Amino acid sequence: MSGRESGSRGSSFRTLAVLMLLPITGLAIFFAWNWLNGGETPREAWREFRSETQGPPAPPVVAAAAGTRSSVPPVPRSSSGKPAEEPRGTLGTPRNRQAGGGEIVLIIDDLGFDGQPLERVMALDPNVNCSILPNGTRASEFARTLHARGFEILCHLPMEPMGKATPGRGAILTSMDNDEISRLTRENVEAVPHALGVNNHMGSRATSDRRVMQTVLGALPEGMYFIDSRTSGRSIAAEVARELNIRSATRHVFLDDEASEHAVRKQIGELAAAAEKHGRAIGIGHPYAVTLRVLAEELPELRARGFRLIRASEVVR
């Protein structure tokens with residue numbers, strides 16, 4: 001082979017390598033710029049970037065028969081007074097702290113659409129919490145079904161993200177005036193019958209805006225709680241809720257940012273570790289086939305280790 005041919009191939013290879021690195025470098029610069037300018041962390045930005053470019057995974061087709069409800073009874077309600085402070089400042093003290101265990105709040109987000117495996121969600125545990133998107137095609141129906149079966153329901157309030165991802169119809173936007181934000185908040189909550197609380201869908205921009213959060217929280221019906229999904233490290237939602245004396249708490253772990261079996265198992269381990277360390281922890285997942293399958297396998301093991309699933313209304317304060 002001539003030196004010219006060899007040099008030509010080497011040059012072509014270097015050109016190809018540079019072209020392959022360009023999109024990766026572009027993504028890295030985008031996430032770093034977004035983070036440094038007050039946006040999400042790189043991981044949070046990736047969640048919304050993936051939502052924008054790929055959309056939510058297609059609803060799984062469930063062939064299994066409706067699962068049987070777990071035989072684990074609901075955790076008894078506490079009759080004690082106001083709980084003591086936790087290290088994170090977001091959760092009350094668990095009732096019966098046990099070595100090797102803790103209390104876990106499990107919230108399944110994004111419910112309310114055709115094709116979603118609601119029976120599989122309900123089969124996980126009697127104390128699983130179900131957050132329904134008010135703009136879902138079957139939002140009202142799902143809410144009534146879950147209420148009839150004794151499950152705790154949240155309104156999954158769509159709110160404006162930092163990026164270009166679309167939070168859906170009826171979303172709370174920072175460009176809106178206070179009257180419009182109040183009206184949309186009330187309409188969204190009313191679209192989810194029997195909801196006891198609210199948590200944000202997306203919302204990395206909206207939850208970082210004090211005026212917006214004051215207006216949203218001020219429009220909630222009396223007694224309704226707010227759980228900050230914390231899609232941005234700059235969220236002040238829980239802080240504003242405390243200022244307004246609205247019961248609140250903050251998410252600790254997302255279970256399925258990466259919807260793979262290995263990743264979901266790892267995140268469940270992170271959730272258990274947080275519950276063991278603080279006594280209580282909040283995890284949020286979605287009705288993906290892999291998430292529900294791994295949860296069905298892991299929850300019995302967590303119970304055997306002394307962990308207990310409890311309702312979201314038991315951790316807000």
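In this chain, numbering begins with 1 at the start of the sequence shown. What you see is a predicted model; the values in this text were computed from it and never measured. Scope of the values below: all heavy atoms of this structure, side chains included, with no hydrogens, waters or symmetry mates.
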Which heavy-atom pair separates C130 from V121 by the least distance, and what is that distance?
SG-CG1, 3.9 Å
Pairwise distance NE2(H286) to CD(Q116) - rounded to 0.5 angstrom
10.5 Å
Verify whether one side chain among N199 and S229 offers a donor that lies under 3.5 Å from an acceptor in the other.
yes
Full working for side chain to side chain contact (heavy atoms under 4.5 Å, CB included) between V240 and L217
CA-CA 8 Å; V240 174; L217 294 168; 3.8 Å; yes
For the pair T166 (side chain) and G168 (backbone), establish whether a donor and an acceptor sit closer than 3.5 Å, ignoring hydrogens and angles.
no
Report the residue from R303, R120, R308 that forms a salt bridge (Lys or Arg N to Asp or Glu O under 4.0 Å) with D125.
R303
Side chains of S248 and Y225, heavy atoms from C-beta outward: is any pair under 4.5 Å?
no
Between K266 and E258 (salt bridge meaning N to carboxylate O under 4.0 Å), is one present in this structure?
no
To the nearest 0.5 angstrom, please state how far the OG atom of S140 sits from the CD atom of E190.
12.0 Å
Side-chain heavy atoms nearer than 4.5 Å, only ILVMFWY residues, links allowed to pass through others: does that put V253 and L124 together?
yes
Should E160 and I172 be marked as a side chain to side chain contact (heavy atoms under 4.5 Å, CB included) after you check the CA-CA gap, both sets of side-chain angles, and the distance that decides it?
CA-CA 6 Å; E160 182 181 359; I172 304 299; over 6 Å; no
Side-chain heavy atoms of S175 within contact of L173, under 4.5 Å:
yes
Quick check for you: to the nearest 0.5 Å, what is the distance between L146 atom CG and I153 atom CD1?
5.0 Å
Pair E297 + R265: basic N to acidic O under 4.0 Å
yes
Decide whether L244 and I181 are clustered together by the hydrophobic rule: side chain heavy atoms of Ile, Leu, Val, Met, Phe, Trp, Tyr closer than 4.5 Å, transitively.
yes
Answer yes if V264 and V128 sit in the same cluster of Ile, Leu, Val, Met, Phe, Trp and Tyr residues linked by side chain heavy atoms under 4.5 Å apart, and no otherwise.
yes
For a quick test of reading the model, state the closest non-hydrogen atom pair linking M213 to M159 and the distance between them.
SD-CE, 3.7 Å
Please identify each residue that fulfils side-chain hydrogen bond (donor to acceptor under 3.5 Å, both in side chains) with T291, with sequence neighbours left out.
D256
With hydrophobic residues grouped by side-chain heavy-atom distances under 4.5 Å, do I284 and L154 end up in a single group?
yes
Can E243 and R210 be counted as an ion pair, charged N to O under 4.0 angstrom?
yes
Do NZ/NE/NH1/NH2 and the carboxylate oxygens of D228 and R251 come within less than 4.0 Å?
no
I'd like to know if the side chain of S182 and the backbone of A219 have a donor-acceptor N/O pair within less than 3.5 Å.
no
Ring pair (Phe, Tyr, Trp, His ring centres under 6.0 Å) partners of residues 153-191, not counting sequence neighbours, each pair once:
H156-H201
Verdict with supporting geometry, R149 and E119, side chain to side chain contact (heavy atoms under 4.5 Å, CB included)
CA-CA 11 Å; R149 298 278 289 272; E119 287 292 337; 3.3 Å; yes
Can you find a side-chain donor-acceptor pair between T207 and N200 that sits under 3.5 Å?
no
Linking I/L/V/M/F/W/Y whenever their side-chain heavy atoms sit closer than 4.5 Å, directly or via other members, would V294 and L309 fall into one cluster?
yes
Are the side chains of L220 and T185 in touch, meaning some heavy atoms are under 4.5 Å apart?
yes
What are the two closest heavy atoms between A275 and A281, and how far apart are they?
N-CB, 3.5 Å
Considering only heavy atoms from C-beta outward, does the side chain of F307 approach that of E276 to under 4.5 Å?
yes
Side chain to side chain contact (heavy atoms under 4.5 Å, CB included) for T231 and M202? Distances and angles first, verdict last.
CA-CA 6 Å; T231 55; M202 298 190 181; 5.6 Å; no
Indicate the atoms forming the closest heavy-atom contact of A249 with I282, along with that distance.
CB-CD1, 3.6 Å
Any heavy-atom pair between the side chains of I310 and V105 that's under 4.5 Å?
yes
Interatomic distance, N127 atom CG to L106 atom CG [nearest 0.5 angstrom]:
10.0 Å
Taking all heavy atoms of P193 and all of A143, pick out the closest pair and write down the distance.
O-CB, 3.3 Å
Under 3.5 Å, is there a donor on one side chain and an acceptor on the other for N129 and R311?
no
Look up atom CD1 in I108 and atom CG in L118, then write down how far apart they are to the nearest 0.5 Å.
11.0 Å
Test item: F113 and R138 side chains (from C-beta on) under 4.5 Å apart, heavy atoms:
no
Do I104 and L271 make a side-chain contact, defined as non-hydrogen atoms from C-beta onward lying under 4.5 Å apart?
yes
From the list L157, N135, L133, side-chain contact (heavy atoms from CB on, under 4.5 Å) partner of N188 resolves to L157
Sub-3.5 Å donor-acceptor pair from the side chain of R230 to the main-chain atoms of G233, do we have one?
yes
Would you say R242's side chain and R317's backbone share a donor-acceptor pair under 3.5 angstrom?
no
Locate the shortest heavy-atom distance separating R280 from E103; write the atom from each residue and the value.
NE-OE1, 2.6 Å
Do S131 and D109 come close enough that some side-chain heavy atom pair is under 4.5 Å?
yes
